[in-house]
Amino acid sequence: MGAGLAGLSCAFELVDQGKSVLILEAAPYVGGRTGNWNERGMEVESGFHKFIGYYKELPKLLERAGIDLDEMLVWETTMQVRHPDAEEYGEFGLDIIHAPLKTLSGMLGNNDFITPGDKASLVPFLAAGFKDCVSRPEELDEISLLDFANQHGVNEQALQRIVEPLSSGIFFMPLEQYSAYAFFGLFLPGIPRIHKMRIGAFTGGMTDVMCSPLAAAIEQKGGRIRTNAPVTRLLYGMDGLEGVEMEDGELIPATRVVVAANIRRSQQLLEEHFSEHEWFQPFLSLDAMPHVTVQFESELPLLPEDRTTFGPGTDIGSFGEQSRTTFRGRPGRASIILVNPDELIDLSDEEIWNRTQKGLIDIGLAEGVSSVTDYRIVRGNENFYRIAPGNERKRPEQVTPIRGLYLAGDYTKQPMFTTMEGAVLSGQKAAAGILDEST
């Protein structure tokens, strides 16, 4: 159930081993949180997504499916940080192998944006964080990122201009609501793969260039995929899961059911039968969080090149010009993730757009804002689990104690949190559980 990356990766592993698989997707397209579609005449995506170079399982999966990463991605060599109180913006290199001088100059330079003293205040914070992430992850998950930074002497400017972009700009939560373990856990896998630390922009919508080709590879191996196929109930009997019931009343029998829907939908489906089950109760109490993105077309590009940019000190989390990469053929096209979605989720589209414009103007992008021709607000409150302090222990394993029932989604236990790599890992773990049981 679900044709996002978790469901697709699980299905690929199973059909690759000769299993009979049916994927049921409620939306009219595959991709889930890594999808794109037409929203009232404008092409939009589920959010501002980037491919992180140190991912391991996602690129291997795509290569096995016959997808050429060099055709799917354009690698960025720098990122930019713009703060409304800074006279200069910060530009930081991302690729120590392919752009070593830019990477080195980014670390040693940008002194007008962040002073050497500011940088030095980050050293004990980073050293302690990565150490604690390995040695005492449960304790690290009990503290917010802001409190941890304050405990280790990060000064205000370093907090605002480095820590905030690398945290709120990625997971769009304020520092005080954000688990320190989630922050350090995101970057920890990249340390031994520092040579892979770079960011890729997609050369088209993610459904178009990644998820549809992956779905096609599954079908070529004998799998079946149905879109516009929402599941309303799990069929549960004396011997475990027996199948699912569709919105139109159709009953589909199955010996194994993998719930790979978003977190809120998964919880709703499980609550009917398992709300009193001790194993499921932590997961059923795991909170979801909203997301709000703004996507617009304009007569002029917002930025001179397509790359990841952060806007700390504003409602702007992370964003990028995309007219040369993901949405080619338009004079200007940008996607923006907004910070603090709890505050924004219930505002009108106009109110959200006004706050977005103000944020862009505050970080020096008034010219691009003035040429906007159309915009869309893409929002929801079902797709992300809240990476707040104390929530790590509520994430469930993929193999449940119920016969025939498995879970897949980045909210399940795996080391990559709310990322594409995390979704793939969860799907692979669910598939491994099924294959182990069947042998």
Whether the side chain of S298 engages the backbone of S371 through a donor-acceptor N/O pair (distance < 3.5 Å, no angle test) should be reported. no
Approximate separation, where rounding is to 0.5 Å, of T207 OG1 and L214 CG: 11.0 Å
Going from CG on D118 to CD on E156, what distance comes out if it is rounded to the nearest 0.5 angstrom? 10.5 Å
Is the ring pair F51/Y55 parallel, tilted or perpendicular, if the boundaries are 30 and 60 degrees? perpendicular
Donor + acceptor pair across side chains of D362, T314 (<3.5 Å): no
For the residue pair Q322 / R328, report whether a side-chain donor-acceptor contact shorter than 3.5 Å exists. no
Does any part of the side chain of L338, heavy atoms only, come nearer than 4.5 Å to the side chain of T293, both counted from C-beta? no
Please lay out, stage by stage, how Y54 and F187 fare under the test ring-ring contact (aromatic ring centres under 6.0 Å, His included). CA-CA 10 Å; Y54 63 73; F187 296 104; 7.6 Å; no
Non-hydrogen side-chain atoms of R330 and M42 separated by less than 4.5 Å: no
Are any of the side-chain heavy atoms of I336 and T356 separated by less than 4.5 Å? yes
Are R64 and F12 in a cation-pi contact, defined as NZ or CZ under 6.0 Å from the six-membered ring centre and within 45° of the axis? no
Does a donor on one side chain and an acceptor on the other come within less than 3.5 Å for N354 and E351? no
Which residues share a salt bridge (Lys or Arg N to Asp or Glu O under 4.0 Å) with K50, sequence neighbours left out: E76
Answer with yes or no after comparing the ring centroid distance for F125 and F184 against a 6.0 Å cut-off, counting only values under it. yes
Decide if atom OH of Y89 counts as having more than 12 heavy atoms of other residues, nucleotides or ligands within a radius under 6.0 Å. no
Here the pair of heavy atoms bringing Q267 nearest to F283 is NE2-O, 2.8 Å
Closest heavy-atom pair, I23 versus A11, reported as atoms and distance to 0.1 Å, is CD1-CB, 3.4 Å
Can a donor-acceptor pair be found, under 3.5 Å and without considering hydrogens, that links the side chain of R324 to the backbone of P304? yes
Is the count of non-hydrogen atoms from other residues, nucleotides or ligands lying under 6.0 Å from E39 atom CD greater than 12? yes
Can E91 and R82 be counted as an ion pair, charged N to O under 4.0 angstrom? no
CG of L269 to CZ of R264: how many Å apart, nearest 0.5 Å? 12.5 Å
Assess the side chains of S266 and Q268: does a donor N or O sit below 3.5 Å from an acceptor N or O? no
Tell me, do I263 and N383 make a side-chain contact under 4.5 Å, heavy atoms counted? no
Examine R386 relative to Y178 and say whether NZ or CZ is less than 6.0 Å from the centre of the six-membered ring and inside a 45° cone about the ring axis. no
Looking at H291 and E382, would you say the former's side chain and the latter's main chain have a donor-acceptor pair under 3.5 Å? no
State whether the side chain of Q398 and the backbone N or O of L407 hold a donor-acceptor pair below 3.5 Å, judged by distance alone. no
F319 ring center within less than 6.0 Å of F296 ring center: no
On the six-membered ring of Y411, is R395 placed so that its NZ or CZ lies under 6.0 angstrom from the centre and within 45° of the ring axis? no
Counting N and O atoms only, with roles assigned by atom type, does the side chain of R161 sit under 3.5 Å from a partner on the main chain of F113, one being a donor and the other an acceptor? yes
Less than 4.0 angstrom from a charged side-chain N to a carboxylate O is my criterion; do D349 and R376 meet it? no
Is any side-chain heavy atom of D315 closer than 4.5 Å to one of V339? no
Donor on one side chain, acceptor on other, D208 and N36, under 3.5 Å: yes
Would you say that Q428 contacts C10 through its side chain, given a criterion of any heavy-atom pair below 4.5 Å between the two side chains? no
Can you tell me how far the CG atom of L140 sits from the CZ atom of F148, to the nearest 0.5 Å? 5.5 Å
Spacing of S426 atom OG and Q414 atom CD [to the nearest 0.5 Å]: 6.0 Å
For E392, is there any backbone N or O sitting under 3.5 Å from a side-chain donor or acceptor partner on D141? yes
Do F384 and F172 have ring centres separated by under 6.0 Å? yes
Does the side chain of M79 reach to within under 4.5 Å of the side chain of R307, using non-hydrogen atoms? no
Taking NZ in K19 as the centre, count heavy atoms belonging to other residues, nucleotides or ligands within less than 6.0 Å. Is the count above 12? no
OG/S370 to CG/L360 distance, rounded to the nearest 0.5 angstrom? 11.0 Å
Among side-chain atoms of E71 and T203, is any donor-acceptor pair under 3.5 angstrom? no
Taking A229's backbone N and O only, do any of them form a donor-acceptor pair with E247's side chain (distance below 3.5 Å, no angle check)? no
Checking the side chain of D112 only, and the main-chain atoms of E88 only, is there a donor and an acceptor separated by less than 3.5 Å? no
Side-chain heavy-atom pair F310, Q80 within 4.5 angstrom cut-off: no
Given E321, which of L300, T326, L302 fulfils the side chain to side chain contact (heavy atoms under 4.5 Å, CB included) condition? L302
What closest approach, in Å, do D410 and G422 show between heavy atoms, and which atom pair accounts for it? CB-C, 4.1 Å
